[in-house]
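Quick note: numbers below take in every heavy atom, side chains included, and nothing from hydrogens, waters or symmetry partners.
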Amino acid sequence: FFTFFTEFVRQISRLMSTETVDYWQYAPGYKLILGHYIEIAVQNVKNYMKKDLYPEPTSNYGKSQSNWIGCSFIAMKNPMFLNVLMELVFKYTNAYHLDQVFFSLVWVESWFRELSTLQHSFQQFLLNNHRLRERYLETPDGTKHRIEIFIGELPPNFDYDFFERAMDALLSTHHFQIITRTLIFIYEVLDQFNGKERLKLINEFLLRKHFFSLFLHWSEDARACFHR
């Protein structure tokens, strides 16, 4: 199944671009195959949590395309699938279980990174084919230097409310290792939040709702991570 799923998604991705992201759902058979993939993923996540066995992205299992978690990076060719993967993992995570939290944050961070990589490659394609205007930085002596500006963004269906609730649950545990790892995760993916959603995450969520609990946290590691 996973070999077929990988090739099926790759074939569809060749016909799509970031402008046609909404059209994935209309590809014949895509919803049916995706539904089966999600069923397999749910069962595997439940087993991970039950057995306390958590694969790493750098492991052979994580890199293999012969299982659901390796195929997740292929599925990310449809950027809107980030939402599904994120909710799938966080939904079955016990916010007070250190290993489960670390497993979930590592993989969700990997999917955010994959999304950023795909977007960066697409912007480079546009630039190389003269569909994106080049930008230059002019130094005081009049010399122009070509610079690369990458602006990442989240897919239109991204569930900001769910993301905030998940982060809120983790930061409210008072477990210094979970809090520190959650802050690192937020800082790692923050560049892909833009506009009012970025301001909301920083100003309202971090600097208002959780400011005093993090700024004055008893753990030096948690305080230092927040202060950065």
Side-chain angles (χ1 to χ4, degrees), residues 1-51 53-94 100-101 103-123 125-126 152-167 169 185 189 192-193 197:
F1 171 78
F2 295 113
T3 300
F4 174 77
F5 178 81
T6 298
E7 292 304 316
F8 182 77
V9 173
R10 279 177 175 163
Q11 290 297 326
I12 299 176
S13 69
R14 292 189 177 100
L15 305 175
M16 300 292 177
S17 68
T18 55
E19 284 83 7
T20 58
V21 67
D22 293 337
Y23 296 157
W24 277 82
Q25 58 183 319
Y26 300 117
Y30 179 69
K31 285 187 175 181
L32 180 64
I33 293 174
L34 201 61
H36 185 57
Y37 171 86
I38 293 172
E39 288 180 7
I40 296 175
V42 168
Q43 289 303 317
N44 277 271
V45 170
K46 287 181 177 179
N47 288 335
Y48 296 153
M49 305 306 186
K50 183 177 180 180
K51 299 178 181 179
L53 297 173
Y54 310 104
E56 294 286 336
T58 55
S59 66
N60 292 330
Y61 182 83
K63 292 180 178 179
S64 173
Q65 294 177 0
S66 62
N67 58 70
W68 83 270
I69 206 160
C71 283
S72 64
F73 295 100
I74 301 297
M76 280 295 298
K77 288 185 178 295
N78 174 8
M80 298 179 76
F81 198 62
L82 172 64
N83 222 34
V84 176
L85 292 170
M86 179 184 69
E87 292 186 12
L88 185 154
V89 171
F90 281 145
K91 181 179 179 180
Y92 295 101
T93 299
N94 180 347
Q100 289 187 15
V101 171
F103 161 77
S104 299
L105 291 178
V106 163
W107 277 103
V108 175
E109 186 177 308
S110 297
W111 292 322
F112 269 88
R113 192 179 302 117
E114 180 68 13
L115 176 64
S116 178
T117 300
L118 291 171
Q119 290 178 337
H120 186 272
S121 298
F122 184 70
Q123 289 190 21
F125 168 79
L126 294 179
E153 61 180 8
L154 294 171
N157 73 326
F158 187 78
D159 193 338
Y160 293 96
D161 291 336
F162 178 86
F163 179 86
E164 186 175 315
R165 290 199 305 273
M167 296 303 100
F185 167 77
V189 304
Q192 289 176 269
F193 286 76
E197 298 299 340

_Is there a side-chain contact (heavy atoms from CB on, under 4.5 Å) between L85 and W107? Walk through the geometry before answering._
CA-CA 9 Å; L85 292 170; W107 277 103; over 6 Å; no

Worksheet item: Would S72 and Y37 count as a side-chain contact (heavy atoms from CB on, under 4.5 Å) if you check the C-alpha gap in whole Å, the side-chain angles of each, and the deciding distance to 0.1 Å?
Response: CA-CA 9 Å; S72 64; Y37 171 86; 3.4 Å; yes

Value for OH (Y30) from CD1 (I12), rounded to nearest 0.5 Å, stands at 6.5 Å

Aromatic rings F90 and F162: how do their planes relate, parallel, tilted or perpendicular, breaks at 30° and 60°? tilted

query = Taking the six-membered ring for Trp, are F163 and F193 ring centroids under 6.0 Å apart?
reply = yes

| said: Checking L154 against E197 for the side-chain contact (heavy atoms from CB on, under 4.5 Å) test, could you report, in this order, the C-alpha distance in whole Å, the side-chain angles of both residues, the deciding distance, and whether it holds? | reply: CA-CA 10 Å; L154 294 171; E197 298 299 340; over 6 Å; no

*Check: R113 main-chain N/O paired with S116 side-chain donor or acceptor under 3.5 Å*: no

Any side-chain heavy atom of I40 sitting closer than 4.5 Å to one from N67? no

Between F81 and M76 the two heavy atoms that sit nearest each other are C-SD, 4.3 Å

Between the CZ atom in R165 and the CG atom in D159, the distance rounded to the nearest 0.5 Å is 6.0 Å

Here the gap from L105 atom CG to M167 atom CE, rounded to the nearest 0.5 Å, amounts to 5.5 Å

**Check: S104 and M49 side chains under 4.5 Å, non-hydrogen atoms** = yes

Exercise. Between V189 and W111, is any pair of side-chain heavy atoms under 4.5 Å apart?
Worked result: no

To the nearest 0.5 Å, atom CG of L82 lies from atom CD of Q192 at 8.0 Å

Min side-chain heavy-atom separation V9-N78 under 4.5 Å = no

Stepwise side-chain contact (heavy atoms from CB on, under 4.5 Å) test for I38 and W68: CA-CA 9 Å; I38 293 172; W68 83 270; over 6 Å; no

Shortest non-hydrogen pair, N94 vs V101, comes out as O-CG2, 3.5 Å

query: Y48 vs F103 aromatic rings, parallel, tilted or perpendicular, using cut-offs 30° and 60°?
result: perpendicular

Parallel, tilted or perpendicular, judged at 30° and 60°: which one describes the rings of F8 and F4? parallel

How are the rings of F185 and F112 set relative to one another: parallel (under 30°), tilted (30 to 60°) or perpendicular (over 60°)? perpendicular

Heavy-atom closest pair (P79 atom, P155 atom, distance to 0.1 Å) is O-CG, 3.3 Å

Rounded to the nearest 0.5 Å, the CG atom of L115 sits from the CE atom of M80 at a distance of 12.0 Å

Interatomic distance, CZ@F2 vs CD@E7, rounded to 0.5 Å, equals 14.5 Å

